[in-house]
Amino acid sequence: VIPTGTITANGDVFATKNELTGSMVLAVPGISTATGANLVTNGTFDSGITGWINWNATLSYDTATFGSSIKIADNGAQSRAYQVITTEVGKRYTAVADVKATGGNSLYDGMLLYTSVTDATTNASSSNGFANSIAGTDDIEFTARISFTATTTTTVVAFTQYGSSGVTYVKNVVVKQ
């Protein structure tokens with residue numbers, strides 16, 4: 001392709017015919033460019049379930065079923081394990097986690113983000129938050145991924161298990177700016 005008109009260079013620009021030395025930056029809407037430090041404490045569960053808060057659930061550390069993970073057993077209503085992280089209003093973040101939903105009703109199992117602990121503990125589906133639940137059959141594994149712009153200085157990262165006979169396992173939880 002031979003360009004017509006004026007070409008304006010920004011930054012250090014060079015010409016090459018070698019695809020190994022040339023590069024291109026693509027802007028893809030919705031893609032994460034998160035490069036900061038992980039804002040989640042103990043997201044790999046190397047320290048058991050330290051740093052995670054229980055809401056209406058039985059939480060335990062598990063390595064046999066889904067690797068080093070937190071096990072969320074429902075206590076008869078929508079149950080959660082959550083953690084409050086500090087965010088900066090107006091900044092964009094990406095939250096990612098590996099989830100395994102077993103038994104019960106996996107329609108609502110997954111990752112939820114809330115703007116307050118009150119919202120996270122009122123049994124409301126993503127009240128003032130961003131939901132990424134899996135709508136499917138039981139015994140399913142998936143990667144939950146949510147990109148969001150913070151509207152408050154704290155964000156609640158929550159994982160839910162819905163169904164009295166079900167269990168949700170979560171590992172590799174990362175939230176980065």
Side-chain angles (χ1 to χ4, degrees), residues 30-32 34 37-87 92-152 154-177:
I31 196 165
S32 169
N38 188 2
L39 301 176
V40 174
T41 301
N42 194 27
T44 56
F45 303 97
D46 292 335
S47 300
I49 60 172
T50 300
W52 291 90
I53 301 166
N54 165 31
W55 181 72
N56 198 38
T58 301
L59 304 182
S60 58
Y61 175 69
D62 186 84
T63 58
T65 306
F66 195 49
S68 183
S69 59
I70 191 169
K71 177 181 177 181
I72 306 164
D74 198 331
N75 282 343
Q78 203 171 55
S79 300
R80 295 193 177 100
Y82 71 92
Q83 188 173 121
V84 180
I85 60 170
T86 301
T87 50
R92 188 140 180 91
Y93 297 86
T94 299
V96 180
D98 295 323
V99 180
K100 178 181 178 91
T102 64
N105 180 358
S106 63
L107 175 63
Y108 301 108
D109 300 344
M111 179 167 55
L112 303 165
L113 301 180
Y114 294 91
T115 56
S116 74
V117 172
T118 300
D119 288 339
T121 59
T122 57
N123 208 18
S125 292
S126 68
S127 173
N128 296 323
F130 309 87
N132 188 30
S133 296
I134 188 73
T137 59
D138 294 336
D139 302 324
I140 188 165
E141 294 180 19
F142 62 99
T143 298
R145 183 179 317 272
I146 304 171
S147 290
F148 66 100
T149 301
T151 58
T152 59
T154 58
T155 298
V156 180
V157 181
F159 296 92
T160 188
Q161 170 29 247
Y162 187 80
S164 59
S165 63
V167 175
T168 297
Y169 300 88
V170 180
K171 65 181 181 180
N172 303 322
V173 183
V174 176
V175 178
K176 290 185 177 184
Q177 181 181 349

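In what follows, every heavy atom counts, from backbone to side chain, and hydrogens, waters and symmetry copies are set aside. By convention here, the first residue in the shown sequence is residue 1.
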request  = Check whether any side-chain N or O of T102 sits under 3.5 Å from a backbone N or O of V167 as a donor-acceptor pair, and report yes or no.
outcome  = yes

inquiry  = Assess the residue pair R80 and T160 against the criterion (side chain to side chain contact (heavy atoms under 4.5 Å, CB included)); give the C-alpha distance rounded to whole Å, side-chain angles, the decisive distance to 0.1 Å, and a yes or no.
reply    = CA-CA 4 Å; R80 295 193 177 100; T160 188; 4.0 Å; yes

ask   = Any sub-3.5 Å donor-acceptor pair from N38's side-chain atoms to V173's backbone N or O?
value = yes

task = Please name the pair of heavy atoms, one in W52 and one in T41, separated by the smallest distance, quoted to 0.1 Å.
result = NE1-O, 3.6 Å

message = Once side chain to side chain donor-acceptor pair (under 3.5 Å) is applied, do any residues pair with T58, and if so which ones, sequence neighbours excluded?
response = N75

ask   = What is the minimum heavy-atom distance between R92 and S147, and which atoms define it?
value = NH2-CB, 3.3 Å

request  = Please identify each residue that fulfils side chain to side chain donor-acceptor pair (under 3.5 Å) with S69, with sequence neighbours left out.
outcome  = none

inquiry  = Going by the rule side chain to side chain donor-acceptor pair (under 3.5 Å), which residues pair with T152 if we only count those two or more places apart in sequence or in a different chain?
reply    = none

ask   = Taking only residues two or more places apart in sequence, or in another chain, which ones meet K100 in a salt bridge (charged side-chain N to carboxylate O under 4.0 Å, His left out)?
value = E141

query = Rounded to the nearest 0.5 Å, how far does CG of L112 lie from CD1 of I146?
reply = 7.0 Å

ask   = For the residue pair I72 and S79, what are the closest heavy atoms and their distance?
value = CG2-O, 4.3 Å

ask   = Going through the checks in order, is the side chain to side chain contact (heavy atoms under 4.5 Å, CB included) test met by K171 and S68?
value = CA-CA 7 Å; K171 65 181 181 180; S68 183; over 6 Å; no

note = Those residues at least two apart in sequence (or on a different chain) that pass side-chain contact (heavy atoms from CB on, under 4.5 Å) with S47 are N42, T50

inquiry  = Return the NZ to OH distance between K71 and Y169, rounded to the nearest 0.5 Å.
reply    = 4.5 Å

Parallel, tilted or perpendicular: rings of F148 and Y93 (30°, 60°) = parallel

remark   = Residues passing the side-chain contact (heavy atoms from CB on, under 4.5 Å) test with I85, sequence neighbours excluded, are L39, V40, Q83, T87, T155, V157, V175

remark   = The side chain to side chain donor-acceptor pair (under 3.5 Å) partners of N172 (sequence neighbours excluded) come to D98

task = Report yes if the side chains of T94 and K176 come closer than 4.5 Å at any heavy-atom pair, otherwise no.
result = no

note = Applying side-chain contact (heavy atoms from CB on, under 4.5 Å) to V84 and not counting sequence neighbours gives Y82, V117, T154, V156

